[in-house]
Amino acid sequence: MNYWLLKSEPSVFSIDSLDAAPRKTTSWEGVRNYQARNMLRDDFRKGDLAFLYHSSCPEPGIAGIVEITRDGYPDASAWNKRSEYYDEKSPEIKPLWYTTDVRLVRRTKQLISLAALRAHEEGKLQGMLLLRKGNRLSITPVDAAHWKFILTLE
DNA sequence: GCCAACGTTGGC
DNA sequence: GCCAACGTTGGC
């Protein structure tokens, strides 16, 4: 089983949105980056766990824990002309983009801020992809050891 | 709003 | 295949 970190801008989709969703579950649609797509398509498995991270907001950080409830599968929003994520390069017969389903497991006891994570950048969280300079990937794998340590920061 | 870093596009 | 131009991300 894998651990991940999923970024989203709370102004677009926040942990409150997920909490309010039916069965606290939603499709993680709209990923339009090849590296992230490859992870969704090849590595995301039902039962994996992920941190939900809020980016581009007053206090960026980890807001909750979600469970991956479905293996990666083609992203139908790519061939929905009414979707803001529509992409003519990804017809239904030849999907280019992938998504998965996520369910809110729980909110973290408090926000685990980026600053709190950075405090361990050269220690327990050395090598964490989120903290790497210039990282912009909206999906990153998380080492099991990093996952465990981050939970102690709550 | 600024800016560094990265990804994508398209001309050649 | 190279690379400049452009667009996006995301912290500050």
Side-chain angles (χ1 to χ4, degrees), chain A residues 2-21 26-44 48-68 72-102 104-143 145-147 149-154:
Chain A
N2 307 304
Y3 296 105
W4 306 97
L5 183 141
L6 305 177
K7 276 188 210 169
S8 81
E9 297 182 30
S11 61
V12 177
F13 187 87
S14 71
I15 195 151
D16 291 335
S17 326
L18 184 56
D19 202 5
T26 192
S27 168
W28 201 254
E29 64 181 30
V31 173
R32 297 291 179 265
N33 167 282
Y34 286 99
Q35 258 182 282
R37 185 281 309 268
N38 292 348
M39 290 187 264
L40 284 167
R41 186 190 58 192
D42 304 333
D43 302 322
F44 268 69
D48 289 353
L49 292 173
F51 289 129
L52 179 53
Y53 177 91
H54 283 169
S55 66
S56 292
C57 57
E59 201 177 13
I62 293 167
I65 296 169
V66 300
E67 181 187 0
I68 307 307
Y73 64 99
D75 183 351
S77 70
W79 58 81
N80 174 4
K81 285 192 176 168
R82 273 161 299 284
S83 169
E84 63 185 306
Y85 302 120
Y86 174 73
D87 182 354
E88 60 178 8
K89 295 194 306 294
S90 182
E92 189 169 2
I93 49 159
K94 205 181 168 195
L96 179 62
W97 302 118
Y98 280 68
T99 185
T100 189
D101 289 352
V102 304
L104 180 64
V105 173
R106 65 175 178 87
R107 294 168 186 262
T108 47
K109 290 166 199 156
Q110 70 249 342
L111 185 93
I112 305 172
S113 70
L114 178 60
L117 297 171
R118 285 230 182 270
H120 302 278
E121 201 172 358
E122 287 169 15
K124 296 275 194 184
L125 296 180
Q126 195 159 36
M128 189 180 181
L129 290 175
L130 174 77
L131 305 179
R132 189 177 287 179
K133 187 175 181 177
N135 166 64
R136 301 189 325 181
L137 265 183
S138 65
I139 295 179
T140 47
V142 174
D143 291 349
H146 288 168
W147 177 277
F149 177 72
I150 289 165
L151 288 177
T152 70
L153 298 177
E154 276 186 293

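Below, read A as the first sequence line, B as the second, and so on, with proteins coming before strands; counting in each chain starts at 1. Being a predicted model, the structure only gives us computed values, none of them experimental.
With ring centers used as reference points, A:Phe51 lies 6.0 Å or more from A:Trp4.
One can place CD1 of A:Ile62 at 14 Å from P of C:dG10, the figure rounded to the nearest angstrom. Distance CG (A:Leu6) to C1' (C:dT9): 16 Å, rounded to an integer number of Å. Taking atom CZ of A:Arg118 as the reference point, atom C1' of C:dC12 lies 11 Å away to the nearest angstrom. Here the P atom of nucleotide C:dG11 and the CG atom of A:Leu130 are 8 Å apart, to the nearest Å. Atom P of nucleotide C:dT9 and atom CG of A:Leu137 are separated by 12 Å, given to the nearest angstrom. At whole-Å resolution of the value, CD in A:Glu121 and P in C:dG11 are 13 Å apart. Atom CG in A:Asn135 sits roughly 10 Å away from atom C1' in B:dC6 (whole-Å rounding). One atom, CZ of A:Arg136, and another, P of C:dT8, lie 10 Å apart when rounded to the nearest Å.
In terms of phosphate contacts, A:Lys7 brings a side-chain nitrogen or oxygen within less than 4.0 Å of OP1 or OP2 of C:dG10. Taking only side-chain nitrogens and oxygens, A:Tyr53 comes nearer than 4.0 Å to OP1 or OP2 of C:dG11.
Nearest nucleotide to the A:Leu114 side chain, out of B:dT9, C:dG11, C:dT9: C:dG11. Nearest nucleotide to the side chain of A:Ser55, out of C:dT8, C:dG10, B:dT8: C:dG10. The side chain of A:Lys133 lies closest to B:dA4, out of B:dG7, C:dG11, B:dA4. When each of C:dT8, C:dG11, B:dT9 is scored by its nearest atom to the side-chain atoms of A:Lys89, the top-ranked nucleotide is B:dT9.
For A:Tyr73 and A:Asp101, the side-chain atoms include at least one donor-acceptor pair closer than 3.5 Å. Defined by atom type and a distance below 3.5 Å, a donor-acceptor pair is missing between the side-chain atoms of A:Ser90 and A:Arg32.
At a threshold of 4.0 Å, the pair A:Arg107-A:Asp19 counts as salt-bridged, since one of the basic side-chain nitrogens sits closer than that to a carboxylate oxygen. In summary, A:Arg106 and A:Glu154 engage in a salt bridge, as defined by a charged side-chain N under 4.0 Å from a carboxylate O.
Residue-level contact check: A:Ser56 touches the bases, meaning some heavy atom is under 4.0 Å from a base atom.
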